[in-house]
Amino acid sequence: MPVSKKIIKITQAIFPALLMVAGALLSGAVLIVIAGNDPIAAYKALLEGAFSNSYRISETFVKAIPLMLMAQGISIAFKNQIWNIGAGGQFTIGTILSVVVCLYFKLPPIPTIILSFIFAFIGGALWGGLAGWLKARFNANEVITTLMLDYIATFLLAYLVYGPMMDPNGFGYPQSAVIEKVLRLPKLIVGGRLHAGLFVAIAILLLMILFWRSTLGFKIELAGQGNDVSRYAGINNKKIIIVAMLLSGGLSGIAGWNEIHGIHFRLMTDLAGSYGSIAIVIALLGNLNPLGIAISAYFFSVLIVGGNTMQNLTGIPYSLVDIIQGLIVVFVITRTAFKAESIQSFFRKRRYQHNG
Amino acid sequence: MRNITKIFGHLKANDAVDFKLREKSIHGLLGENGAGKTTLMNVLYGLYRQEEGEIYIHGQKTDISSPLKAISSGIGMVHQHFMLARPLTVVENIMLGRKSSRGIFLDTKKVAAEIRELSDKYHLMVDPYARIWQLSVGEQQRVEILTTIYQGANILILDEPTAVLTPQEAETLFSILRQMRDDGKSMILITHKLEEILSVVDDVTILRDGKMINSLKVTPATTKEELSRLMVGRDVLFDFYPVAVKPGKERISMKNLSVRNDKDFSAVRNFSLSVAEGEIVGLAGVDGNGQKELAEALTGLRPAEGGLIFINGKEAVNKPPVFYINEGVAHIPEDRQSMGLAMGFCVSKNLVIKRFYQQPYAKNGLLNYKNIKDHAKKMIQDFQIKTNSTEDITRDLSGGNQQKVILARELADDPSVLIANQPTRGLDVGATEYVRSRLLEARSKGSAVLLISADIEEIIQLSDRIAVIYNGELMGVLPKGSQPEAIGLLMMGKRQGDNASVKENY
């Protein structure tokens, strides 16, 4: 394909996403004006909050890493038309198993880190795979099961940090003991929290690009095109559902591992926060494409990091970020309307009505 | 209708079309799929709004802005897909949406009497109190016709009315149409079947690519070749002369096969048939008599309740689809869009959905896009698939080209068995001719072809032997060269010498 054609194709692919983001930011601006504030000052504060010093810039990456990993995982399920909305729970199981390995497996540092990674992956995978198995075996709706498993994971974590895993020297705070310093991922910059997990994220990104070029990726995508056609093509749909959910959950488990070894170093209640739902938006905004997901994960982490500063500097509440996030969800759902062709045909229709 | 133009997006579906319907006549509207026949009639019926042009009824310029307006102007339409509420009775369906003479109460009795009168007048033979689901397809169609007459239609539009009928039912329909014409009504018959034009129609208008090509009176001198040339724009091959191939050994056989349908009713019963190398066995039957279930059972997509299947001599019953694929069983499914194709995939991917994990399309678990694309380029050329590139999304292709994608995929590796279920349904003349010639080619290359079709002519043209299915049972196997009437009788569940009328509803 000639280069110029390729550029056109890429632009066409990105255009709807850009339009959605622009639409969300513009609508957000209108809301700021209605609330009696200056939108330009607000967005300026938001950008400053994300980029004005090296600490903040490093924070944007710190937040983007788990979001991207979870969204990549979600994209595997979504391509298979399985609506895994429980990435937060799969993440939580990953964090729990990582800390369990680090605190209770008395092994040398390197094997511990590797084992922690494997356990986190398997834990997240089983948590997702369970929902996949329930769907394959009993046709249980995965939206319900993943959501419920999400709650179970959250309460399991709460039980552990209030009970058996509570730090004996922690003055009764609901948290586990911290993992040893040698088990933590090395920092990449002085005075920031950015850590070597970034390389893990980049490696996973590259693996995902490769994954969608693999026969397994093809099978998952084909199964997502409809039960009939994939069965017709000789694919065992039930098996593929389980495999897709195992991988999907596994990547969220790795995100949990990453947060334990890079940021928190211990278990606390509600470690996943709203990552699970933001990751869904990221996956959709990124059009389930690995690179698109990486870019939109970074965009969202800029919003999150900058949003906090904006609240402090301008008094505009952080909920603006939630609103923008919500608007993007709305736009993503009405995505077809943003495709270049539909806009063209919209204007053409208008013209005909005018003539007629 | 004068100078009608209707545009969808980039496409001029109708380009300055003139159309004139004489009173008391049956007018054929002939054209390939996508020629703009249905669009033109939808404009007349008020479903679409034309961009240009005027409509005159009895010399009066009429603005038809909605179907309601069309009905009040005396225009009625019988759609290809019936618009009937299945649980309701005939009279209830006809009363739907109309005012009752008894205010808020239904005047069922009065309407039923009127319906009976109309039904007798035109020999429609419809029982007003029968429920729609109890009626055969032919009867349902007559209910639709009755509805339009009851609404006072003088101009009837019939959209491919014979597509769902057996030859006998079609003949009944035609005699009804002739009677209605003699009674002063005018009818427009949308079709792409040339035989219909020659047998029942007074005038014919031919559309091609949205343009009116010609409008002429049908005389005994009018020939199929002449019409098809106008319709397609070139000469079309009607008669295939398949080279005689001596059938070899049995490639697929079924013994007492029984299959259930989605509703868990028995769909195929005790079915035994075999197809040999280099042979086309036609399986004729009206839709919904177990063909789909049979085809799915023969490809591993549906479990068999009982009986045996042998593929290349191997026991195959209830083996997974992969087994059949690996044994070289190709399948052209009836439902192209949800089973035969991944509509969201591009053409090149669709061409390998059964083989993507094999060399040369993949190696060590990774796809080789270059080889997949090269394969697609070759297939697009070999099978004359019209597409801008190998990366076009399959959903954007026309129906005929979508079918060619399936054909290319299924025939590419010279299958040992080919199960083709309604392979030419809905295709235009050109594509149909192409698909048929490919089926014959597969046969001469040694494939065992089971051609499942509701189109008797197709069955007769291509088959070496003709089997007929009715209500899930094999009605009989007829030799090559059997008469359509004989096949048609079996299709309706009537064995020769069997005088007892068989229940028409299934």
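In what follows, every chain begins at residue 1, and chains take the letters A, B, ... in the order their sequences are listed. What you are looking at is a predicted structure, and each value in this text was computed from that prediction instead of being measured.
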For chain A, which of B:N326, B:N364, B:L366 has the most heavy-atom pairs under 4.5 Å? B:L366
Need one label for B:E410: side chain, backbone, both or neither, based on atoms under 4.5 Å from any heavy atom in chain A. side chain
side-chain contact (heavy atoms from CB on, under 4.5 Å) between B:I393 and B:K349, worked out: CA-CA 10 Å; B:I393 301 299; B:K349 278 184 174 179; over 6 Å; no
Between A:Q225, A:E221, A:R231, who has the most heavy-atom pairs with chain B when the cutoff is under 4.5 Å? A:Q225
Tell me whether B:K370 is salt-bridged to B:D374, with the criterion being a basic N under 4.0 Å from an acidic carboxylate O. yes
Say whether, by atom type as modelled, one donor and one acceptor occur between the side chain of B:R302 and the main chain of B:R260 under 3.5 angstrom. yes
What side-chain donor-acceptor pairs closer than 3.5 Å can you find for residues 70-83 of chain A, not counting sequence neighbours?
{"unit_1": "A:Q72", "atom_1": "NE2", "unit_2": "A:P290", "atom_2": "O", "d": "3.1"}
{"unit_1": "A:S75", "atom_1": "OG", "unit_2": "A:Q72", "atom_2": "O", "d": "2.6"}

Between B:G365, B:P320, B:P321, which shows the greatest number of heavy-atom pairs under 4.5 Å with chain A? B:G365
Quick one: which of B:M343, B:R409, B:Q337 has the most heavy-atom pairs under 4.5 Å with chain A, could you say? B:R409
Heaviest contributor of heavy-atom pairs below 4.5 Å to chain B, chosen from A:G224, A:S230, A:G226, A:A233, is A:A233
Using heavy-atom distances under 4.5 Å, tell me whether B:Y369 contacts chain A through its side chain, its backbone, both, or neither. side chain
Heavy-atom cut-off 4.5 Å, strictly under: side chain, backbone, both or neither for B:I325 against chain A? side chain
Of all residues at least two apart in sequence or in a different chain, which pass the ring-ring contact (aromatic ring centres under 6.0 Å, His included) check with B:F383? none
A:F218 ring center near B:F356 ring center (under 6.0 Å): yes
Measuring heavy-atom distances to chain A, does B:T299 have an atom under 4.5 Å in its side chain, in its backbone, in both, or in neither? neither
Using atom types as modelled and distance alone, determine if a side-chain donor or acceptor of B:N318 lies under 3.5 Å from a backbone N or O of B:A304. yes
